[in-house]
Engineer: 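I have a structure here, written as structure tokens, and I will follow up with some questions on it.
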Amino acid sequence: MDQKPLNHLHILLIFLFILLRSPPMHCQLDYSFYNLSCPGLTRVVRNGVWAAMRNETRIAASLLRMHFHDCFVNGCDGSLLLDETSDMSSEKNAKPNNNSVRGFEVIDKIKAEVEKMCPSMVSCADILTLASRDAVYLSGGMYWPVALGRRDGRVANQTAANNEIPSPFDSLEKIRDKFAAKGLGIKDVVVLSGAHTIGFAQCFTFKNRLFNFNSSGEADPSLDSTMLKNLQTQCPDSDDSDHELAPLDSVTKNTFDNVYFKNLMNNSGLLHSDQVLMEDSETASMVSNYSKYSFLFSKDFGASMVKLGNVGVLTGDEGEIRTNCRVVN
Ligand code: HEM
Ligand SMILES: *[C@@H]1O[C@H](CO)[C@@H](O)[C@H](O)[C@H]1NC(C)=O
Ligand SMILES: *[C@@H]1O[C@H](CO)[C@@H](O)[C@H](O)[C@H]1NC(C)=O
Ligand SMILES: *[C@@H]1O[C@H](CO)[C@@H](O)[C@H](O)[C@H]1NC(C)=O
Ligand SMILES: *[C@@H]1O[C@H](CO)[C@@H](O)[C@H](O)[C@H]1NC(C)=O
Ligand SMILES: *[C@@H]1O[C@H](CO)[C@@H](O)[C@H](O)[C@H]1NC(C)=O
Ligand SMILES: *[C@@H]1O[C@H](CO)[C@@H](O)[C@H](O)[C@H]1NC(C)=O
Ligand SMILES: *[C@@H]1O[C@H](CO)[C@@H](O)[C@H](O)[C@H]1NC(C)=O
């Protein structure tokens with residue numbers, strides 16, 4: 001009967017509670033975006049990547065590549081994570097990704113834990129961006145802070161995935177143009193190619209260099225002769241060997257370091273698209289600098305990853321926060 005009216009303090013507390021529990025609305029990425037709404041996020045992602053790497057070291061490389069292929073199609077919006085539906089062809093089935101991009105289960109697992117802790121708060125795009133940073137860091141590489149607040153896209157674009165993701169058979173000009181279309185420069189091409197210091201490639205992505213390069217009847221002249229012999233053994237000239245794996249950096253295959261660039265200086269790049277960085281004097285000079293100064297590689301790689309993570313992001317009330325990374329809400 002004698003109901004006590006809410007005093008100012010109550011109203012303030014209720015207001016604060018609602019404010020803290022609701023997803024923040026900013027129009028820019030922000031380092032403390034989830035500090036109030038999901039304070040455990042970075043720990044859960046770090047632990048998820050760490051657990052996956054303890055099971056299989058290579059998964060670090062796969063997560064890093066997944067982020068790159070997500071960002072190159074519709075921006076970093078988690079569109080690569082969407083499964084195919086009857087009215088939408090997926091990016092994961094596009095040529096550069098099908099039977100090649102891996103790590104979807106790892107993202108699903110991290111997402112499920114994040115949803116338990118802070119439901120409908122954190123985008124799949126942000127989880128993937130953080131996971132790729134942690135993958136590099138936990139592989140012995142550099143660390144960079146990741147600004148957050150990306151939103152998830154509602155569509156995948158298989159055509160764009162086929163056309164816009166660089167191919168290992170592309171020329172340097174073509175690769176440069178595909179990066180430029182995302183607002184990334186030639187320095188980004190060179191330094192981000194340094195991601196190939198970890199991970200593996202299937203024989204069909206470089207076999208054209210081993211036996212009859214460019215219809216010449218010879219191997220690619222820009223491939224070291226010892227490495228050529230080893231690769232010819234690993235990837236014999238028949239379709240059976242197409243899916244065999246070779247390390248992108250055969251010297252330190254699981255460590256995120258600058259040895260990729262040292263290899264290019266020795267004609268030991270695995271993909272044609274790696275070794276072409278030595279064909280142009282400007283990119284070759286960058287390769288030489290990164291091969292000599294690992295701190296320069298660390299600094300520039302972190303800066304270019306931040307640029308990559310900003311490509312075409314959705315913010316504010318654009319897109320959505322998916323609850324399952326494989327389907328739109
Ligand atoms: C410059 C143009 C690039 C081309 C043409 C290219 C091409 C490729 C190819 C063909 C593979 C092997 C895939 C397979 O055999 O299934 C590969 C693997 C990989 N790429 Fe790239 N890539 C490029 C740039 C990048 C960038 C910018 C990143 C990340 C920042 C990256 C990260 C990786 C990683 C980590 C792997 C190993 C993945 C694994 O072991 O699962 N690549 N890339
Ligand atoms: C947000 O949290 C991160 C990680 O715990 C911390 O480094 C950062 O200083 C926090 N930012 C603010 C504004 O509190
Ligand atoms: C562990 O790694 C293997 C590949 O080496 C993979 O098939 C399997 O699904 C992974 N298991 C877990 C629990 O991540
Ligand atoms: C993707 O690969 C599978 C084999 O694993 C194949 O059946 C399917 O047709 C491929 N999808 C596309 C779109 O090429
Ligand atoms: C997909 O991307 C291509 C560019 O590669 C564009 O022309 C097309 O309009 C896009 N489709 C959709 C549905 O957005
Ligand atoms: C392939 O051969 C053609 C014709 O001989 C030549 O113009 C082209 O530069 C060669 N491409 C490469 C990548 O060597
Ligand atoms: C590259 O050359 C250096 C110096 O000659 C050598 O120590 C290193 O083992 C070579 N690496 C490869 C992959 O051949
Ligand atoms: C590589 O380093 C040298 C010496 O520090 C510098 O003069 C040159 O501009 C650098 N090359 C590129 C392409 O940045």
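Positions are given from 1 along the sequence. Both ligands and their constituent atoms are indexed starting at 1 by order of listing. These numbers come from a predicted model, not from an experiment.
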Engineer: Out of Tyr137, Tyr260, Phe256, which one pairs with Phe301 under the ring-ring contact (aromatic ring centres under 6.0 Å, His included) rule?
Structural biologist: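 Between Phe301 and the candidates, ring-ring contact (aromatic ring centres under 6.0 Å, His included) is satisfied uniquely by Phe256.
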
Engineer: Which atoms of ligand 8 are found less than 4.0 Å from any heavy atom of Met286?
Structural biologist: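 Under 4.0 Å from Met286, ligand 8 has these atoms: 13 (C).
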
Engineer: Determine, using ring centers only, whether Phe72 and Phe68 are less than 6.0 Å apart.
Structural biologist: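 Centroid distance Phe68-Phe72: below 6.0 Å, so yes.
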
Engineer: Please identify which atoms of ligand 8 are closer than 4.0 Å to at least one heavy atom of Glu282.
Structural biologist: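 Near Glu282, meaning under 4.0 Å from one of its heavy atoms, ligand 8 has 13 (C).
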
Engineer: Looking only at atom types and distance, does a side-chain atom of Asp220 sit under 3.5 Å from a main-chain N or O of Phe213, one as donor and one as acceptor?
Structural biologist: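 No; zero donor-acceptor contacts below 3.5 Å.
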
Engineer: Test side-chain hydrogen bond (donor to acceptor under 3.5 Å, both in side chains) on Asp77 and Ser79 and set out the steps.
Structural biologist: CA-CA 5 Å; Asp77 70 340; Ser79 55; 2.8 Å; yes

Engineer: Under the side-chain hydrogen bond (donor to acceptor under 3.5 Å, both in side chains) criterion, do Thr57 and Asn254 qualify, and how do the steps go?
Structural biologist: CA-CA 7 Å; Thr57 314; Asn254 292 319; 4.8 Å; no

Engineer: Enumerate the pairs of nitrogen or oxygen atoms, one from ligand 2 and one from the protein, separated by less than 3.5 angstrom; state names and distance to 0.1 Å.
Structural biologist:
unit_1, atom_1, unit_2, atom_2, d
ligand 2, 2 (O), Asn35, OD1, 2.8
ligand 2, 2 (O), Asn35, ND2, 2.5
ligand 2, 11 (N), Asn35, ND2, 2.7
ligand 2, 14 (O), Asn35, ND2, 3.2

Engineer: Using a 4.5 Å cut-off on heavy atoms from C-beta on, say whether the side chain of Lys111 contacts that of Arg326.
Structural biologist: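 Heavy-atom side-chain distance check fails, nothing below 4.5 Å.
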
Engineer: Does the gap between the ring centers of His243 and Phe204 come in under 6.0 Å?
Structural biologist: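 Under 6.0 Å, so yes.
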
Engineer: Any nitrogen or oxygen of Asn98 lying under 3.5 Å from a nitrogen or oxygen in ligand 4? Just yes or no.
Structural biologist: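 It does: an N or O of Asn98 is found under 3.5 Å from an N or O of ligand 4.
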
